[in-house]
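Quick notes on the structure that follows.
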Amino acid sequence: MRLIFLGPNVAGKGTQARELAREWGVPQIATGEMLREAVAAGTPLGREAKRIRDTGALVPDDVMVGLIAERLRQPDAANGFILDGFPRTIAQAEALDEMLGEIGRSLDAVLFFDLADDVAVERLRGRGREEGREDDMPEAIARRLELYHHYTEPVVERYRATGKLVPLHAERSIEQVANEIDEALELLDEEAVA
Ligand code: AMP
């Protein structure tokens with residue numbers, strides 16, 4: 001199963017991806033998490049990512065594409081993966097298509113965690129207070145939402161046009177969203193068999 005989880009921050013992508021990845025035995029490839037690990041390890045990528053991320057900006061496409069290309073080559077991703085936080089721009093989506101094309105694979109579905117801005121802002125403020133994440137501070141929150149609309153919404157539309165987009169009601173509870181995902185994947189399975 002090759003899935004993308006798409007949507008604004010705090011839409012619950014990470015929580016659902018973690019659970020589903022465990023259930024299916026495929027890796028959850030969370031780019032934000034990978035960058036945080038690089039920051040903690042103090043690698044050159046980590047130092048660059050920290051500087052960019054603390055302002056709420058996006059890490060350059062070529063850096064992200066390189067990171068994902070390497071990750072998808074790992075043996076544990078051979079039979080499937082859940083991409084969480086990538087692609088975030090059209091250029092990243094195009095690069096991903098190319099990578100999958102080269103290995104003769106395609107995406108099964110793109111789960112879209114649809115969340116209104118005001119709900120996203122409320123949740124981000126809450127996380128900023130609880131975890132003190134630099135990029136959850138008020139100025140960074142506004143910037144991240146702006147970037148989401150500018151760069152990532154076109155990615156949503158791109159996948160909508162391919163018929164692979166599965167919209168979810170991300171403002172609902174974790175359990176309700178998990179049920180929606182299960183139903184959507186069952187439907188996909190039936191379509192694949194039919
Ligand atoms: P996240 O935890 O997914 O919100 O990611 C944290 C930060 O990492 C983002 O605000 C970006 O600076 C950076 N980042 C994560 N994924 C990407 C991506 N696909 N493209 C560019 N920057 C990213």
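Both ligands and their constituent atoms are indexed starting at 1 by order of listing. Worth saying up front: this structure is predicted, and the values here are computed from it rather than measured.
Residue Arg71 holds its CZ atom at 13.0 Å from CE of Met64, rounded to the nearest 0.5 Å. Between the CG atom of Leu185 and the CD atom of Glu23 there is a distance of 9.0 Å, given to the nearest 0.5 Å. Here the CZ atom belonging to Phe5 is positioned 8.0 Å from the CG atom belonging to Leu168, to the nearest 0.5 angstrom. Remark: Met99 CE to Glu94 CD distance equals 11.5 Å, nearest 0.5 Å. Rounding to the nearest 0.5 angstrom, the gap separating the CD atom in Gln92 from the CG atom in Leu83 is 10.5 Å.
Close approach of ligand 1 to Leu35 (heavy-atom distance below 4.0 Å) involves ligand atoms 8 (O), 13 (C), 14 (N), 15 (C). Heavy-atom proximity to Arg53, at under 4.0 Å, picks out these atoms of ligand 1: 7 (C), 8 (O), 12 (O).
One option in Gln92, Arg143, Arg144, Arg88 has a heavy atom closer to atom 9 (C) of ligand 1 than any other, and that option is Arg88. Closest heavy-atom approach to atom 16 (N) of ligand 1 among the candidates Thr31, Thr89, Ile52: Thr31. Evaluated by nearest non-hydrogen atom to atom 12 (O) of ligand 1, the leading choice among Ala49, Ala57, Gly32 is Ala57.
At least one N or O atom of Gly85 sits closer than 3.5 Å to an N or O atom of ligand 1. Close N/O approach between Val59 and ligand 1 is found [any backbone or side-chain N/O within under 3.5 Å].
By the 4.5 Å heavy-atom criterion applied to side chains, Phe81 and Leu72 are counted as neighbours. Between His150 and Leu147, every side-chain heavy-atom pair lies at or beyond the 4.5 Å cut-off.
Contacts between Met64 and ligand 1, counted as non-hydrogen atom pairs separated by less than 4.0 Å, involve the side chain only. The proximity of Pro60 to ligand 1, defined as any non-hydrogen pair under 4.0 Å, does not occur for either the backbone or the side chain. When heavy-atom distances to ligand 1 are checked against a 4.0 Å cut-off, Arg36 comes that close only through its side chain, counted from C-beta outward.
For Asn9, the heavy-atom gap to ligand 1 drops under 4.0 angstrom.
Between the side chains of Gln176 and His169, no donor-acceptor pair is found at a separation under 3.5 Å.
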